[in-house]
Amino acid sequence: MEELLQTTLCYLERDGQYLMLHRVKKERDVNKDKWIGVGGKFEPGEDALACVQREVREETGLTMQAPDYRGILDFYCPPWQPERIHLFTCRQFAGVQKVCDEGDLAWVDKDKVEALPIWTGDKIFFRLLNEGAPFFHLQFWYEGDRLARAVLDGRELPVQA
């Protein structure tokens with residue numbers, strides 16, 4: 001099996017909202033036109049925490065003060081390289097939000113996130129985050145934009161066709 005690309009994904013939270021990134025600025029992007037959190041690829045020598053702190057600062061201008069490591073997402077979507085995503089949330093951060101060169105940032109009410117164009121599997125982890133679930137491991141297999149299979153902590157989840 002192809003090696004998993006190590007990445008991070010973070011959802012900053014304030015006043016019942018998540019900071020969301022609308023990925024509209026790169027042509028070749030697995031997340032093109034979708035709304036996701038901020039994050040990115042590990043640099044040499046980084047662990048998940050160092051990577052997410054750097055990526056949040058680079059993409060938003062904000063510095064996290066107390067990030068919460070919430071789970072691991074394994075994302076399979078051929079022909080893209082398989083990805084292991086280290087998922088964080090953060091309620092304490094400082095600084096002035098800046099314009100992101102990867103897309104458009106917007107604070108979105110948590111109850112409106114699922115109505116945005118997001119990956120189907122993201123709805124599963126948003127529910128877990130909103131329920132305060134303990135650390136979890138989710139695996140997603142996609143065929144294009146269609147979620148073909150999902151596994152939570154080793155248990156197969158029902159997937160809508």
Side-chain angles (χ1 to χ4, degrees), residues 4-77 80-140 142 147 150 152-153:
L4 293 171
L5 176 67
Q6 297 288 325
T7 67
T8 57
L9 180 63
C10 185
Y11 291 91
L12 298 178
E13 300 179 60
R14 75 165 192 213
D15 302 326
Q17 298 178 316
Y18 285 125
L19 183 59
M20 301 291 293
L21 174 60
H22 191 197
R23 297 288 295 236
V24 293
K25 295 187 179 177
K26 283 185 181 175
E27 267 318 302
R28 183 157 163 69
D29 183 357
V30 68
N31 294 302
K32 179 100 173 105
D33 296 325
K34 295 221 178 352
W35 289 79
I36 63 171
V38 294
K41 298 175 191 156
F42 282 33
E43 289 186 351
E46 282 185 326
D47 62 13
L49 182 59
C51 177
V52 76
Q53 289 173 321
R54 176 185 51 77
E55 287 285 349
V56 167
R57 194 172 43 256
E58 286 175 3
E59 293 182 7
T60 70
L62 302 171
T63 301
M64 293 189 298
Q65 296 168 329
D68 293 313
Y69 194 5
R70 304 294 299 274
I72 292 175
L73 314 170
D74 290 336
F75 179 83
Y76 304 95
C77 185
W80 303 93
Q81 182 177 0
E83 206 173 318
R84 169 152 287 170
I85 304 164
H86 300 264
L87 179 64
F88 290 82
T89 56
C90 185
R91 289 188 169 108
Q92 297 176 37
F93 47 89
V96 176
Q97 187 177 315
K98 68 173 194 145
V99 172
C100 180
D101 60 5
E102 308 232 346
D104 300 323
L105 292 169
W107 289 95
V108 179
D109 291 340
K110 289 181 181 182
D111 63 356
K112 295 195 171 38
V113 168
E114 286 194 29
L116 297 172
I118 63 175
W119 291 100
T120 304
D122 291 11
K123 295 177 184 183
I124 298 169
F125 73 69
F126 277 122
R127 276 184 232 125
L128 293 168
L129 293 176
N130 292 336
E131 292 167 0
F135 193 89
F136 55 86
H137 179 212
L138 264 170
Q139 296 168 284
F140 299 121
Y142 283 88
L147 181 61
L152 172 60
D153 294 330

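Since the model is a prediction, treat every value here as computed from it, not as a measurement.
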- Message: With a 3.5 Å distance limit and no angle check, can you tell me whether D153 reaches the backbone of F136 through a side-chain donor-acceptor pair?
- Response: no
- Look at the side chain of N130 and the backbone N and O of F126, then say whether any donor-acceptor pair between them is shorter than 3.5 Å. yes
- Message: L5 vs R84, test: side-chain contact (heavy atoms from CB on, under 4.5 Å). Steps then yes/no.
- Response: CA-CA 6 Å; L5 176 67; R84 169 152 287 170; over 6 Å; no
- Query: Are P67 and L49 close enough that some pair of their side-chain heavy atoms sits under 4.5 Å apart?
  - Reply: yes
- Message: One thing to verify: whether R127 and E114 come together as a salt bridge, which I'm taking to mean a side-chain N less than 4.0 angstrom from a carboxylate O.
- Response: yes
- What closest approach, in Å, do T8 and I85 show between heavy atoms, and which atom pair accounts for it? C-CG2, 4.2 Å
- Message: Using ring centroids (six-membered ring only for Trp), state whether F135 and Y69 fall under 6.0 Å.
- Response: yes
- Message: Within the structure provided, determine whether L21 and D104 are in side-chain contact (heavy-atom separation under 4.5 Å).
- Response: no
- Note on the structure: Of all heavy-atom pairs linking I124 and A150, the shortest is CD1-CB, 4.0 Å
- Aromatic ring centroids of F75 and W80 under 6.0 Å? no
- Query: So, D109 side chain and K112 main chain: donor-acceptor pair closer than 3.5 Å or not?
  - Reply: no
- Going from CG on L62 to CG on L19, what distance comes out if it is rounded to the nearest 0.5 angstrom? 7.0 Å
- Message: Minimum heavy-atom separation for E83 and L4, please, with both atom names.
- Response: N-CD2, 3.8 Å
- Message: Around atom NZ of K41, are there more than 12 heavy atoms from other residues, nucleotides or ligands closer than 6.0 Å?
- Response: no
- I would like to know whether F88 and Y11 meet ring-ring contact (aromatic ring centres under 6.0 Å, His included); could you show each step before the answer? CA-CA 6 Å; F88 290 82; Y11 291 91; over 10 Å; no
- At their closest point, which heavy atom of Q97 faces which heavy atom of L105, and how far apart are they? NE2-CB, 3.7 Å
- Side chains of I118 and K34 in contact at under 4.5 Å (non-hydrogen atoms): no
- Message: When you measure from the side chain of R70 to the backbone of L129, do you find a donor-acceptor pair of N or O atoms at a distance under 3.5 Å?
- Response: yes
- Minimum heavy-atom distance E13-W107, with the two atoms named: C-CZ3, 4.0 Å
- Message: Would H86 and L9 count as a side-chain contact (heavy atoms from CB on, under 4.5 Å) here? Give the steps.
- Response: CA-CA 6 Å; H86 300 264; L9 180 63; over 6 Å; no
- Message: Under a plain distance cut-off of 3.5 Å, with no hydrogens placed, do H137 and D74 share a side-chain donor-acceptor pair?
- Response: yes
- Examine distances only and state if a side-chain atom of E55 and a backbone atom of V52 form a donor-acceptor pair shorter than 3.5 Å. no
- Message: Measuring only between side-chain heavy atoms, which start at C-beta, is R54 closer than 4.5 Å to E43?
- Response: yes
- Query: Rounded to the nearest 0.5 Å, what separation is found between the CE atom of M20 and the CH2 atom of W35?
  - Reply: 7.5 Å
- Distance (rounded to the nearest 0.5 Å) between Q81 CD and T7 OG1: 10.0 Å
- Message: Return the SG to CG distance between C90 and D68, rounded to the nearest 0.5 Å.
- Response: 7.0 Å
- Item | V113 backbone acceptor or donor facing K123 side chain under 3.5 Å | no
- Message: Distance check, rounded to the nearest 0.5 Å: L147 atom CG versus F140 atom CZ?
- Response: 6.5 Å
- Query: Which atom names give the shortest non-hydrogen contact between T120 and Y142, and what distance separates them?
  - Reply: N-OH, 3.5 Å
- Query: To the nearest 0.5 Å, how far apart are SG in C10 and CE in M64?
  - Reply: 4.5 Å
- Task: Side-chain contact test, heavy atoms from C-beta onward, threshold under 4.5 Å: evaluate it for L87 versus F125 and give yes or no.
- Result: yes
